[in-house]
K.L.:
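Sharing a structure, written as structure tokens. Questions coming.
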Amino acid sequence: MGGVIIGLAACNNQQPAAHPPPEVTVSKPVQKDIVNWAEFTGRMAAVNFVKITPRVSGYIVDIPFNEGDIVHKGDLLFQIDPRPYQHSYEQAVGQLQQARANEQFQEVTFARQQRLRDTGVIAKEDYDTALSNKNQAKAQVVSAQAAVDSAALNLEFTHVISPIDGRVSRQLVNIGNLVQADTTELTTIVSVDPIYAYFHVDELAELGYQRLVKEGKLPSSQKGGAPVYLQLQDETGFPHEGTINFADNAYDSSTGTLLVRGTFRNSDGFLVPGNFIRVRIPASPQYHALLVAERAIGSDQDEKFIYVVDSANIARLRHITLGPLAYGLRVAKSGLSPDDSVIVNGIIKVRPNSPVRPEQGRMQEFSSNDPATHLFSSE
């Protein structure tokens, strides 16, 4: 019985079997020159938007354009019945000819009366009457010429033409409809290339940008050199590049934002007024940064940390300060050096100051799969 007890005691004094160090994947941080970006939402808008209304009243007799077509300045859009205006023009021309004939007659009469006055044959009253008739005839010619010009304009206005290059909308009237001058809307035209993007920038972002401009680290938007990048709803990344050409002169007190406008080339007409868009503008100058994968980062309440493996294969906890995303990786602002071996896979098995079995990997293999992060975003 005593031997059994001694045997059990010996068993209890045995040390438990040691667990092997966990296998982890390590990589040095990626080094890249990057830029922080501020991101906003907005809408596309045409540089020129024109409502087409007739300048004379009449009945529509022809609509030669196709709805949705690209039209050019001077293209005929609507034809108003020109016959009444043609007759008015011809009548005005006839009245001008009468006025000119009367002017010639009054000039001849005046010249005759002037010769007679010099010889004292006629009374002064007759001379004054001839002079007045001559001047009135001259004024009538001027008035008749203005009537001809006005009739010619009205006749020209029966041809409703496009005032700009752009894309025409649908027709709002049909052949045979009566349209009223300066009242009836016929269609609309929007310019295509270039095109505007309007977006609202919050006050903090705008102040940060202006301070960088003041320090000479970013170009001024007032000089038209500030870049802006655009993304449509179905696009990844920000493939459309433009420049900022306008910022409003006051903040909107209800939203605390400033209206900003960028201009973009649109030769293929792919960007359409009214598109919902996301835009990015630079929020920092270019700087050298160290990047780590998101999965390498742990959280301890409000602090972020990583594990760095030293030369003895011991995992050391390192608190870091994080920055924005870039290339699917996270910028480490502080707490990391270029030669650190960072654990990027298996941190859930690691304890501070414990041994590990590191295997070399590539940080890019653990980057985010979101292609949009290939351009940089701000917090």
Side-chain angles (χ1 to χ4, degrees), residues 12-40 204-205 208 212 217 229 231 236-238 278 280-379:
N12 290 334
N13 290 332
Q14 290 181 357
Q15 297 294 325
H19 293 288
E23 293 183 358
V24 296
T25 304
V26 299
S27 174
K28 295 186 184 302
V30 175
Q31 303 183 55
K32 282 189 178 292
D33 292 328
I34 68 170
V35 174
N36 293 343
W37 298 84
E39 187 173 310
F40 310 96
L204 286 177
L212 291 172
K217 296 179 180 179
Y229 298 87
Q231 174 195 78
T236 55
F238 288 73
R278 301 186 71 87
R280 282 180 173 173
I281 60 175
S284 76
Q286 190 177 73
Y287 64 96
H288 192 71
L290 300 178
L291 311 176
V292 295
E294 292 266 36
R295 66 188 304 167
I297 303 168
S299 296
D300 181 11
Q301 295 183 353
D302 60 344
E303 293 186 333
K304 301 296 184 181
F305 65 86
I306 59 173
Y307 285 108
V308 175
V309 178
D310 63 14
S311 58
N313 290 340
I314 302 298
R316 307 295 184 184
L317 186 144
R318 186 86 57 82
H319 287 97
I320 61 173
T321 303
L322 298 179
L325 281 172
Y327 293 96
L329 303 173
R330 179 66 66 174
V331 173
K333 291 183 176 180
S334 64
L336 189 64
S337 64
D339 294 325
D340 286 336
S341 292
V342 180
I343 297 178
V344 292
N345 189 32
I347 67 169
I348 195 172
K349 299 178 291 184
V350 177
R351 296 293 178 268
N353 303 317
S354 62
V356 294
R357 287 186 294 166
E359 294 182 358
Q360 196 64 35
R362 294 180 66 252
M363 189 69 71
Q364 291 88 339
E365 294 176 355
F366 301 93
S367 65
S368 167
N369 291 325
D370 182 7
T373 60
H374 292 181
L375 289 175
F376 320 118
S377 64
S378 66
E379 290 292 287

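The structure displayed is predicted, hence computed values, not measured ones.
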K.L.:
In Å, rounded to the nearest 0.5 Å, how long is the span from CD1 of Ile306 to CD1 of Ile343?
P.N.:
9.5 Å
K.L.:
Stepwise, does the side chain to side chain contact (heavy atoms under 4.5 Å, CB included) test hold for Glu294 with Leu325?
P.N.:
CA-CA 9 Å; Glu294 292 266 36; Leu325 281 172; 3.5 Å; yes
K.L.:
Would you check, one step at a time, whether the test side chain to side chain contact (heavy atoms under 4.5 Å, CB included) holds for Arg357 with Val24?
P.N.:
CA-CA 6 Å; Arg357 287 186 294 166; Val24 296; over 6 Å; no
K.L.:
Give me the atom names and distance for the closest heavy-atom approach of Ser334 to Thr321.
P.N.:
OG-OG1, 2.9 Å
K.L.:
What's the spacing between Arg318 CZ and Asp340 CG if we round to 0.5 Å?
P.N.:
4.5 Å
K.L.:
Between the main-chain N or O of Gly237 and the side-chain N or O of Gln231, is there a donor-acceptor pair closer than 3.5 Å?
P.N.:
yes
K.L.:
Taking the side chain as everything from C-beta on, heavy atoms only, tell me whether Val292 gets closer than 4.5 Å to Pro29.
P.N.:
yes
K.L.:
Any non-hydrogen side-chain atom of Gln360 less than 4.5 Å from a side-chain atom of Val26?
P.N.:
yes
K.L.:
Compare every heavy atom of Tyr307 with every heavy atom of Ala315, then report the nearest pair and how far apart it is.
P.N.:
CB-CD2, 4.2 Å
K.L.:
Compare every heavy atom of Pro22 with every heavy atom of Pro355, then report the nearest pair and how far apart it is.
P.N.:
O-CD, 3.5 Å
K.L.:
Roughly how far, to the nearest 0.5 Å, is CG of Leu317 from CZ of Arg351?
P.N.:
11.5 Å
K.L.:
Report the distance from atom OG of Ser354 to atom CG of Asn313, rounding to the nearest 0.5 Å.
P.N.:
11.0 Å
K.L.:
How close do Leu212 and Ala283 get, heavy atom to heavy atom, and via which atoms?
P.N.:
CD1-O, 3.4 Å
K.L.:
So do Arg316 and Pro352 actually touch side chain to side chain, heavy atoms under 4.5 Å?
P.N.:
no
K.L.:
If the test is side chain to side chain contact (heavy atoms under 4.5 Å, CB included), which one of Val342, Thr25, Leu291 qualifies with Met363?
P.N.:
Val342
K.L.:
Run the ring pair (Phe, Tyr, Trp, His ring centres under 6.0 Å) test on Trp37 and Phe238 for me, step by step, so that the C-alpha distance in whole Å, both residues' side-chain angles and the decisive distance to 0.1 Å come before the verdict.
P.N.:
CA-CA 11 Å; Trp37 298 84; Phe238 288 73; 8.3 Å; no
K.L.:
One pair to check against side chain to side chain contact (heavy atoms under 4.5 Å, CB included): Asp33 and Tyr287. What are the steps and the verdict?
P.N.:
CA-CA 5 Å; Asp33 292 328; Tyr287 64 96; over 6 Å; no
K.L.:
May I ask you to check whether over 12 heavy atoms, not counting those of Lys217, lie within 6.0 Å of atom NZ?
P.N.:
no
K.L.:
If I take atom CD from residue Glu23 and atom CG from residue Asn345, how far apart are they, to the nearest 0.5 angstrom?
P.N.:
10.5 Å
K.L.:
With the side chain counted from C-beta on, respond yes when Lys349 and Val356 share a heavy-atom pair under 4.5 Å apart, and no when they do not.
P.N.:
no
K.L.:
Can you check whether Ser299 reaches Lys304 side chain to side chain, under 4.5 Å on heavy atoms?
P.N.:
yes
K.L.:
How many angstroms lie between atom CG of Leu290 and atom NZ of Lys333, to the nearest 0.5 angstrom?
P.N.:
13.5 Å
K.L.:
Could you report the tightest heavy-atom contact between Asn36 and Ser284, atom names first, then the distance?
P.N.:
N-OG, 2.9 Å
